[in-house]
Every structure is written in structure tokens, then in C-alpha cells.
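What follows is a set of notes on a single structure, which appears directly below.
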Amino acid sequence: MKKALLLSALLALTSIGVSAKDWTVIRMASEGAYPPFNETGSDGALKGFDIDIGNALCTEMKAKCTWVKQEWDGMIPALIARKFDAIVASMSITEERKAKVDFTNKYYASPVVLIAKTGSPLRPDLASLKGRKVAVQRGTVSDNFATKYWAGQGVEIVRYAKQDEAYLDLKSGRVDATFADYWEAYGGFLTKPEGSGYSVAGDQYFGKNAEERAVIGEGIGIAVRKKDQDLKAQLNKALATLRSSGKYDEIRKKYFPMDIYGN
């Protein structure tokens, strides 16, 4: 009996050793089309806030980062298919996504906003937007929210593969407004020359009830496969260290003059 128990214990230890992964190399994915969080530089390499945070996490974990550029629509399927190990692409933590993948703690938080010509009477609500065309990036929280609460009720939702394409059609007058992540709109459009004459229409929107907040999400996290709990734990530990050491704010100040982490 003692021999059997000892054998079981040894097998359990062996199993733990086999299943635990040594994360010395982490393949991270980002879109490369969502400035200032992630974009593609003139050299073809990914850059931006997401990329700097990912690289800093790998440094803290003493792991080598490699980066994969992935179209937004295929992010989660490609993660599940093991084309990379983590999504660092300003992905909101939502209940719908948590059914497929797991997330680290947030590394920033952002409301959604309606962007329109400065002085526009439009607001991010159904009554205001009836008869209007609203641009969203396909597969984002903004798309999910607009589809659930506005589409089919007098609001035409126009979907784009990239947020930059939505801004182009907003400026050309093909759409009346775009519904987007606030910090992306701030850093990627409103504070740039091409954003002159445009601003947030109405208030920043976090959701007025639990159902809406579940669609908008609980902040921005790093997505990993559900079985990679060891990677999630190591990323969370490294993220906490970046926050406490001041490295997080050092990176953030390169892109934003104000806090984006939230409460």
C-alpha cells in the first residue's frame, strides 16, 4: 500500500513537471493598425503602447518576445490554433471573449465614445442616432455594442476592418459618426492634424447597467489560451511589478499625458 502511494505521488510530481511550461520564449500578437496602441512602423515592425508593454513584460519575466502581426478579425481563432501565445492588442475583457480565452488583469481601461464633427448634436444613444450612419471597427466592443443596441432600430452600422478606415469615411462624409475606444480615438485621431474639427459627441460611455457593461468590458487585458494558466500567472506578476516600479507610467507617458489605467 505504501509503495502504491509513493508511486502515485511520484507520478503526480512527474505530471506537474511535464505540464508546467518554461516560458523563455513568448509569441505575442498585435494588429499593427490601432495607433497609438499598436501600429506598423516604416520598417514594417510593430510599435506602440501595446508593444512597449509586451516587451517590458517579457524583460521582467526574463523571456524573449517575438511578435506576430495578425488581422483583428482572426485574433482569437489564431490564438486558439497556437499561432502565437498571447494577444497584446488592446483587447477588452468581455464575457463573450472569456468563454473562449482567458485574460490577465487589465493593463488599462477605456470607455467608448461617439466621434463626430465638433458641435454635433449627436449623442451615443438610440434616439439621437436614428436615421444616421455610424462607423465601427468590425469585431470590437464598439461593434458589439452598436450591433446589439442600435442596429435594426433605425441606425445604420457601417463596419470596417480597421479603425483608420472609419475615420477616413467620417472625414469624407460617408458616415455621420464613429463609435470607438476613447483612448484610441484620442491618441490615434483627435490629437492628430487629421482629427481637427472633430471631437467626442456627448459623454464618455461606460455602460448604464450591468448588461451594457458586460458588452463594453472590464478593461483591457492580455488574452491567453485557457490551458496556459502558468503564462497568465507570470504575466500578472510581471504586470504588477511594472506598475509598482514605475516602469508602467514611464511607458504610458510616451503616449498619454494622463492616467489611462483607471480605478
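Computed from a predicted model, the values in this text were never measured in an experiment. Note that the numbering runs from 1 along the sequence shown for the chain.
- When the shell of 6.0 Å around CD of Gln229 is examined, it contains more than 12 heavy atoms from other residues, nucleotides or ligands.
- Counted within 6.0 Å of CD on Glu71, heavy atoms from surrounding residues, nucleotides or ligands total 12 or fewer; the atom is thus considered open.
- Phe189 and Tyr108 end up in the same hydrophobic cluster when Ile, Leu, Val, Met, Phe, Trp and Tyr side chains are linked at under 4.5 Å.
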- Please report the C-alpha distance between Asp50 and Tyr34 in whole Å, then the side-chain angles of each, then the deciding distance to 0.1 Å, and finally whether the side-chain hydrogen bond (donor to acceptor under 3.5 Å, both in side chains) criterion is met. CA-CA 10 Å; Asp50 290 332; Tyr34 201 68; over 6 Å; no
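- In plain terms, the two heavy atoms of Ala166 and Thr178 that are nearest each other are CB-OG1, 3.8 Å.
- Residues Gly188 and Pro36 approach most closely at N-CD, 3.6 Å, considering heavy atoms.
- By the 6.0 Å contact criterion, NZ on Lys117 is open, its count of non-hydrogen atoms from other residues, nucleotides or ligands being 12 or less.
- Put simply, CZ on Arg27 and NZ on Lys83 are 11.0 Å apart, with the number rounded to the nearest 0.5 Å.
- Put simply, CZ on Arg138 and CH2 on Trp72 are 13.0 Å apart, with the number rounded to the nearest 0.5 Å.
- Linking Ile, Leu, Val, Met, Phe, Trp and Tyr whenever their side-chain heavy atoms come within less than 4.5 Å leaves Phe206 and Leu126 in two separate clusters.
- Within the 3.5 Å criterion, the main-chain N or O of Arg132 finds no donor-acceptor partner in the side chain of Asp176.
- Within 6.0 Å of NZ in Lys237 there are 12 or fewer heavy atoms belonging to other residues, nucleotides or ligands.
- If you chain together hydrophobic residues whose side chains sit under 4.5 Å apart, Leu79 and Met91 fall into the same group.
- Aromatic pair Phe145/Trp150: ring centres closer than 6.0 Å.
- When atom types are taken as modelled, the side chain of Thr118 and the backbone of Gly197 share a donor-acceptor pair closer than 3.5 angstrom.
- Within a 6.0 Å radius of NZ in Lys106, other residues, nucleotides and ligands contribute more than 12 heavy atoms.
- Across Gln153 and Lys130, no two heavy atoms sit closer than the pair O-CE, 3.3 Å.
- When atom types are taken as modelled, the side chain of Ser110 and the backbone of Tyr182 share a donor-acceptor pair closer than 3.5 angstrom.
- Classification of Lys162 and Glu39 as a salt-bridged pair fails, no side-chain N sitting under 4.0 Å from a carboxylate O.
- Contact of the Lys254 side chain with the Asp52 side chain is registered, since non-hydrogen atoms from C-beta on lie closer than 4.5 Å.
- Hydrophobic clustering (side-chain heavy atoms under 4.5 Å, transitive across Ile, Leu, Val, Met, Phe, Trp, Tyr) keeps Val113 apart from Leu122.
- From Trp183, atom CH2 reaches atom CZ of Phe37 across 8.0 Å, with rounding to the nearest 0.5 Å.
- Hydrophobic cluster membership is shared by Val112 and Val134, with clusters built from Ile, Leu, Val, Met, Phe, Trp and Tyr side chains linked at under 4.5 angstrom.
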- Message: Test salt bridge (Lys or Arg N to Asp or Glu O under 4.0 Å) on Lys98 and Glu218; report intermediate values, then the result.
- Response: CA-CA 11 Å; Lys98 285 195 292 186; Glu218 356 175 326; 2.9 Å; yes
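- Annotation: side chain of Val215 is not in contact with side chain of Thr94 (no heavy-atom distance under 4.5 Å).
- Side-chain rings of Tyr160 and Tyr167 stay apart, their centers remaining 6.0 Å or farther from each other.
- The minimum heavy-atom distance linking Gly139 with Arg97 is given by the pair O-NH2, 3.0 Å.
- For the pair Val224/Val101, no side-chain contact is recorded, criterion being any heavy-atom separation below 4.5 Å from C-beta on.
- Between the side chain of Thr147 and the backbone N or O of Asn144, no donor-acceptor pair lies under 3.5 Å.
- At distances below 3.5 Å, at least one donor-acceptor pair connects side-chain atoms of Asp259 with backbone N or O atoms of Gly262.
- In the model, Gln137 has a side-chain atom that pairs as donor or acceptor with a side-chain atom of Glu31 under 3.5 Å.
- In terms of modelled atom types and a separation under 3.5 Å, the side chain of Ser92 and the main chain of Ile220 share no donor-acceptor contact.
- In this structure, Lys171 forms no cation-pi arrangement with Tyr198, as its terminal cationic atom is not both closer than 6.0 Å to the ring centre and no more than 45° off the ring axis.
- Between Asp102 and Arg225, none of the side-chain N atoms (NZ, or NE/NH1/NH2) sits under 4.0 Å from a carboxylate O, so this pair counts as no salt bridge.
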- Task: Apply side chain to side chain contact (heavy atoms under 4.5 Å, CB included) to Asn105 and Ile222, showing your working.
- Result: CA-CA 8 Å; Asn105 297 332; Ile222 297 171; over 6 Å; no
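- Residues satisfying the side-chain contact (heavy atoms from CB on, under 4.5 Å) criterion with Glu211, sequence neighbours excluded, are Lys148, Tyr149, Asn209.
- One finds the NZ atom of Lys226 at 9.0 Å from the CD1 atom of Ile80 (value rounded to the nearest 0.5 Å).
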- Report the C-alpha separation of Val200 and Ile115 in whole Å, then their side-chain angles, then the decisive distance to 0.1 Å, and conclude whether the side chain to side chain contact (heavy atoms under 4.5 Å, CB included) test is met. CA-CA 5 Å; Val200 175; Ile115 305 297; 3.9 Å; yes
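- Phe179 pairs with exactly one of Val136, Val141, Leu129, Thr140 by the side chain to side chain contact (heavy atoms under 4.5 Å, CB included) rule, that one being Val136.
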- Task: Apply side chain to side chain contact (heavy atoms under 4.5 Å, CB included) to Met28 and Cys58, showing your working.
- Result: CA-CA 10 Å; Met28 293 185 165; Cys58 283; 3.7 Å; yes
- Message: Before you tell me yes or no, could you show the steps for Arg123 and Leu114 under side chain to side chain contact (heavy atoms under 4.5 Å, CB included), namely the whole-Å CA-CA distance, both residues' side-chain angles and the distance that decides it to 0.1 Å?
- Response: CA-CA 7 Å; Arg123 295 294 181 266; Leu114 193 73; 5.6 Å; no
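- The two residues Ile93 and Gly221 have their closest heavy-atom pair at CG1-N, 3.6 Å.
- Side-chain atoms of Asp125 and Tyr205 form no donor-acceptor pair, as typed in the model, at a separation below 3.5 Å.
- For the atom pair Lys208 NZ and Ile216 CD1, the distance stands at 10.5 Å (nearest 0.5 Å).
- Cation-pi contact between Arg252 and Phe49: absent, since separation from the ring centre below 6.0 Å together with deviation from the ring axis within 45° is not met.
- Panel note: side chain Asp228, backbone Leu231; no donor-acceptor pair is recorded below 3.5 Å.
- Atoms OG and CG, from Ser30 and Leu46 in turn, are 6.0 Å apart once rounded to the nearest 0.5 Å.
- Of all heavy-atom pairs spanning Gly202 and Pro124, the tightest one is CA-CD, 4.3 Å.
- One side chain, Trp67 or Asn55, offers a donor N or O that lies under 3.5 Å from an acceptor on the other.
- Side chain of Thr104 to backbone of Asn236: no donor-acceptor contact under 3.5 angstrom is found.
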